[in-house]
Amino acid sequence: MSGVQLKTPDELALQREAGRLLAQVFAMLDSKIAAGMSTLQINELAERYIVDELQARPASKGQYGFAYVLNTSVNEVVCHGVPSATQLLKDGDIVNVDITLEKHGFIADSSKMYCIGEPAFLARQLVEDCYQALWLGIKAVKPGARLGDIGFAIEQFANSKGYSVVREYCGHGIGREMHEEPQVLHYGKSGTGMQLKPGMVFTIEPMLNQGTAKTKTKKDGWTVVTRDKKLSAQWEHTVAVTDSGVEVLTLRAEEHTMVIPSGLHLR
């Protein structure tokens with residue numbers, strides 16, 4: 001547990017509020033994101049809403065020198081896509097929108113895939129399967145479980161569907177800082193790794209590729225793409241280990257109607 005900051009009930013309440021507000025940002029974007037808009041427009045909509053409506057801070061802006069409030073990763077972009085005024089979404093695209101938000105000193109982090117118009121069947125299937133992989137990872141979280149259990153659940157499912165799991169990027173602890181311990185890999189062996197304890201808060205954010213897991217970073221220093229130019233998808237939630245299971249702190253409105261497995265707390 002070296003370096004892992006267990007959150008107190010009061011701290012968890014503050015982080016839960018950050019997660020609740022972040023879910024509202026996605027709810028706002030749901031009716032806005034469409035073919036013809038630029039990825040920079042998505043960024044501007046989110047920034048105005050976070051700052052003006054929620055009186056919160058877009059935590060990614062300025063982090064490590066990044067100039068924007070979110071990442072927009074389209075099609076073969078795995079993660080860290082940079083918003084652009086010249087990149088227009090088009091029918092058939094899939095895009096991951098990754099947003100962070102800080103309120104009262106605590107940060108929440110989440111991402112969601114959007115299908116623009118009517119993507120090809122295999123593209124939509126990748127998006128849906130990646131979402132299921134995320135939830136399989138979340139369901140592995142409980143006191144006494146191991147970090148390896150999360151990665152194992154994700155990797156086994158991904159491989160069974162013919163996808164590869166990106167290994168260079170992982171989930172992470174989160175709280176007062178964007179990136180805290182532990183690192184949360186999306187592959188691994190069950191029964192291995194750090195034991196989970198109540199008060200741990202971290203992200204789970206699997207990235208699945210249609211082809212090879214190999215990636216490369218573009219010359220902008222941020223945008224990560226698949227080496228074979230095949231599609232990639234990612235979903236992310238911030239979760240907390242509770243006394244009886246796991247709580248999803250960034251749960252979105254449409255997810256409240258999900259069937260709730262034992263030990264899974266949806267807020």
Side-chain angles (χ1 to χ4, degrees), residues 1 3-30 46-47 49-61 63 69-70 97-112 131 134-145 147 150 170-184 194-206 234-267:
M1 296 294 291
V4 174
Q5 300 179 32
L6 299 180
K7 307 303 188 289
T8 67
D10 286 345
E11 289 173 330
L12 187 57
L14 293 175
Q15 198 155 9
R16 184 182 295 120
E17 175 64 5
R20 185 185 70 82
L21 295 178
L22 181 50
Q24 291 183 18
V25 181
F26 285 101
M28 179 274 296
L29 289 175
D30 286 348
E47 182 167 19
Y49 189 77
I50 291 170
V51 174
D52 297 339
E53 298 296 326
L54 302 181
Q55 287 79 56
R57 181 178 72 88
S60 293
K61 190 172 185 178
Q63 180 87 354
V69 306
L70 50 76
V97 179
D98 189 344
I99 311 174
T100 61
L101 179 150
E102 180 265 321
K103 183 78 171 181
H104 301 308
F106 282 86
I107 301 171
D109 188 359
S110 184
S111 79
K112 177 177 180 176
Y131 187 63
L134 166 69
W135 280 100
L136 288 171
I138 292 172
K139 291 173 187 176
V141 177
K142 61 183 178 181
L147 281 176
I150 300 171
C170 61
H172 50 88
I174 187 169
R176 292 187 182 276
E177 300 295 332
M178 177 90 72
H179 296 110
E180 300 178 352
E181 291 297 325
Q183 293 189 338
V184 182
M194 182 182 292
Q195 189 174 57
L196 305 184
K197 294 186 177 181
M200 293 176 69
V201 178
F202 50 81
T203 70
I204 302 175
E205 45 186 297
Q234 179 190 20
W235 293 81
E236 176 184 13
H237 270 311
T238 297
V239 305
V241 184
T242 67
D243 290 332
S244 58
V246 58
E247 180 182 345
V248 182
L249 301 182
T250 48
L251 195 77
R252 295 180 290 272
E254 71 270 16
E255 296 173 312
H256 282 276
T257 58
M258 292 174 58
V259 176
I260 303 176
S262 176
L264 188 63
H265 305 287
L266 305 183
R267 286 183 180 266

In sequence, state the C-alpha distance, the side-chain angles, and the governing distance for Val246 and Val241, and then conclude on side-chain contact (heavy atoms from CB on, under 4.5 Å). CA-CA 5 Å; Val246 58; Val241 184; 5.9 Å; no
Return a table of donor-acceptor pairs under 3.5 angstrom between the side chains of residues 51-58 and protein atoms on other chains or two or more places apart.
from, atom 1, to, atom 2, distance (Å)
Gln55, NE2, Asp52, O, 2.5
Arg57, NE, Glu102, OE1, 3.0

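- For the pair Val201 and Val239, the minimum side-chain heavy-atom distance is 4.5 Å or more.
- Remark: the backbone N or O of Gln5 is paired with a side-chain donor or acceptor of Lys7 at under 3.5 angstrom.
- Here the side chains of Pro182 and Met200 are in contact, with some heavy-atom distance below 4.5 Å.
- Just one of Ile150, Val4, Ile174 meets the side-chain contact (heavy atoms from CB on, under 4.5 Å) condition when paired with Phe202; it is Ile150.
- At least one side-chain heavy atom of Leu147 sits under 4.5 Å from a side-chain heavy atom of Leu196.
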Steps toward side-chain contact (heavy atoms from CB on, under 4.5 Å) verdict (Cys170, Val184): CA-CA 6 Å; Cys170 61; Val184 182; 5.5 Å; no
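- The backbone N or O of His172 lies less than 3.5 Å from a partner atom in the side chain of Thr203, making a donor-acceptor pair.
- Contact between Ser110 and Phe26 at its shortest, heavy atoms only, is O-CZ, 3.4 Å.
- Annotation: salt bridge (Lys or Arg N to Asp or Glu O under 4.0 Å) contacts of Glu11 (sequence neighbours excluded): none.
- Listed by chain and residue number, nothing satisfies the side chain to side chain donor-acceptor pair (under 3.5 Å) test with Glu236 (two or more places apart in sequence, or in another chain).
- Comment: Asp98 does not engage Lys112 in a salt bridge, judged by the lack of any side-chain N to carboxylate O separation of less than 4.0 angstrom.
- Between Ala46 and Val25, the shortest heavy-atom contact is CB-CG1, 4.2 Å.
- Defined by atom type and a distance below 3.5 Å, a donor-acceptor pair is present between the side-chain atoms of His237 and Glu255.
- Between Arg16 and Glu247 there is a side-chain heavy-atom pair separated by less than 4.5 Å.
- Counted by atom type alone, Thr250 and Arg20 present zero donor-acceptor pairs between their side chains at under 3.5 Å.
- What you find for Ala18 and Leu101 is that their closest heavy atoms are O-CD2, 3.7 Å.
- Of the inter-residue distances, the one linking Leu21 atom CG with His104 atom NE2 reads 8.0 Å to the nearest 0.5 angstrom.
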Steps toward side-chain contact (heavy atoms from CB on, under 4.5 Å) verdict (Met178, Ser60): CA-CA 8 Å; Met178 177 90 72; Ser60 293; 3.9 Å; yes
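- Residues Leu12 and Ala240 approach most closely at CD1-CB, 3.7 Å, considering heavy atoms.
- Val248 and Ile138 make their closest contact through CG2-CG2, 4.0 Å (heavy atoms, listed as atom of the first residue, atom of the second, distance).
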